[in-house]
Amino acid sequence: MNASVAIQVLPETTNEEELIRIVDEVIAYIKSTGLNCSVGPFETTIEGDYDELMDIVKECQHIAVKAGAPYVASYIKVVYRPEGDVLTIEKKITKHHQDEE
């Protein structure tokens, strides 16, 4: 795993219910890829191969538009290490979720 991506998809909508519906469709697509991901309140983080992740980021925009958004803005963070592994989601956040169990 040489990359991780955090993506926040912000579709243009007329109300909160529509916004949630469209974002849920994007999240369902991300989960359907089978890659390790973590959904947070502002963004979803995905781990995998850099090129595959870039294709997923591209498709997230298409999914939002197909779901009914006239346009979509996205904020994307990328960590990429061509020759090695990046820190995993698990290593970054597990210690912060241990009290929740």
ask   = Any idea which heavy atoms bring Ala64 and Val72 closest together, and the distance?
value = CB-CG2, 4.0 Å
key: Any side-chain heavy-atom pair of Thr44 and Ser38 under 4.5 Å   = no
key: Partner residues of Ile20 under the side chain to side chain contact (heavy atoms under 4.5 Å, CB included) criterion, sequence neighbours left out   = Asp24
key: Residue pairs involving residues 66-75 (criterion side chain to side chain donor-acceptor pair (under 3.5 Å); sequence neighbours excluded)   = Glu12-Tyr71, Gln61-Ser74
query = What's the spacing between Ile27 CD1 and Ser32 OG if we round to 0.5 Å?
reply = 12.0 Å
query = Between Gly48 and Leu53, what is the shortest heavy-atom contact and its length?
reply = N-CD1, 3.7 Å
task = Could you grab the distance from atom CD of Glu52 to atom OG1 of Thr33, nearest 0.5 Å is fine?
result = 6.5 Å
request  = Consider only side-chain heavy atoms of I, L, V, M, F, W and Y, link residues closer than 4.5 Å, and tell whether Val57 and Val65 are in one cluster.
outcome  = yes
inquiry  = If you define the side chain from C-beta out and look only at heavy atoms, does anything of Cys37 sit under 4.5 Å from Thr45?
reply    = no
message = Could you go through Val5 and Ile56, starting from their C-alpha distance and side-chain angles, then the distance that decides it, and tell me whether this counts as side chain to side chain contact (heavy atoms under 4.5 Å, CB included)?
response = CA-CA 10 Å; Val5 169; Ile56 291 168; over 6 Å; no
ask   = Hey, does Met1 have a side-chain heavy atom less than 4.5 Å from the side chain of Thr88?
value = yes
request  = Taking all non-hydrogen atoms of both residues into account, name the closest pair between Leu87 and Lys91 and its distance.
outcome  = CD2-CD, 4.1 Å
request  = Taking only Lys NZ, Arg NE, NH1 and NH2, and the carboxylate oxygens of Asp or Glu, determine whether Arg21 and Glu25 approach each other closer than 4.0 Å.
outcome  = yes
query = So do the side chains of Val78 and Tyr50 get within less than 4.5 Å of each other, counting heavy atoms only?
reply = yes
ask   = Quick one: are Asn2 and Val86 in side-chain contact, heavy atoms under 4.5 Å?
value = no
Steps toward side chain to side chain contact (heavy atoms under 4.5 Å, CB included) verdict (Ile30, Ile46) = CA-CA 8 Å; Ile30 291 169; Ile46 319 158; 3.8 Å; yes
message = Within this structure, what is the CD-NZ distance for the pair Gln8 and Lys77, rounded to the nearest 0.5 Å?
response = 8.0 Å
inquiry  = The criterion is ring pair (Phe, Tyr, Trp, His ring centres under 6.0 Å); which residues satisfy it with Tyr29, sequence neighbours excluded?
reply    = none
key: Beyond-backbone contact of Val39 with Lys31, side-chain heavy atoms, under 4.5 angstrom   = yes
message = If you define the side chain from C-beta out and look only at heavy atoms, does anything of Ile89 sit under 4.5 Å from Ser4?
response = no
remark   = d(Ile7 CD1, Glu43 CD) to nearest 0.5 Å is 10.0 Å
ask   = Which value, rounded to the nearest 0.5 Å, describes the distance between Asp51 atom CG and Tyr80 atom OH?
value = 6.5 Å
